[in-house]
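Only one structure is covered here, and it is reproduced in the block below.
Heads up: numbering here begins at 1 and tracks the sequence.
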Amino acid sequence: MTSPGDEAVPLAEPDGDLGGDPVCWLDRVCPDCGLFLTDRSASTCPRCGTARDR
């Protein structure tokens, strides 16, 4: 049994920003290991060696 004073109160109002990475960065992620590829001129992933799709 709960009393009126026992209601949970949110610590903060939720903000509208859900965050996350933009979809336009998908071409910079290795499909095999998930490494974010910073060198756009590389033909393979430096972590796992998978060929990059161009």
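Scanning both residues, L35 and P46, for their nearest heavy atoms gives CD2-CG, 3.8 Å.
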Validation: residues 22-32 side-chain donor-acceptor distances under 3.5 Å, sequence neighbours left out:
unit_1 : atom_1 : unit_2 : atom_2 : d
D27    : OD2    : R40    : NH2    : 3.0
D32    : OD2    : T50    : OG1    : 2.7

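Put simply, CG on L37 and CZ on R52 are 5.0 Å apart, with the number rounded to the nearest 0.5 Å. Note: R47 CZ to C33 SG = 4.5 Å, rounded to the nearest 0.5 Å.
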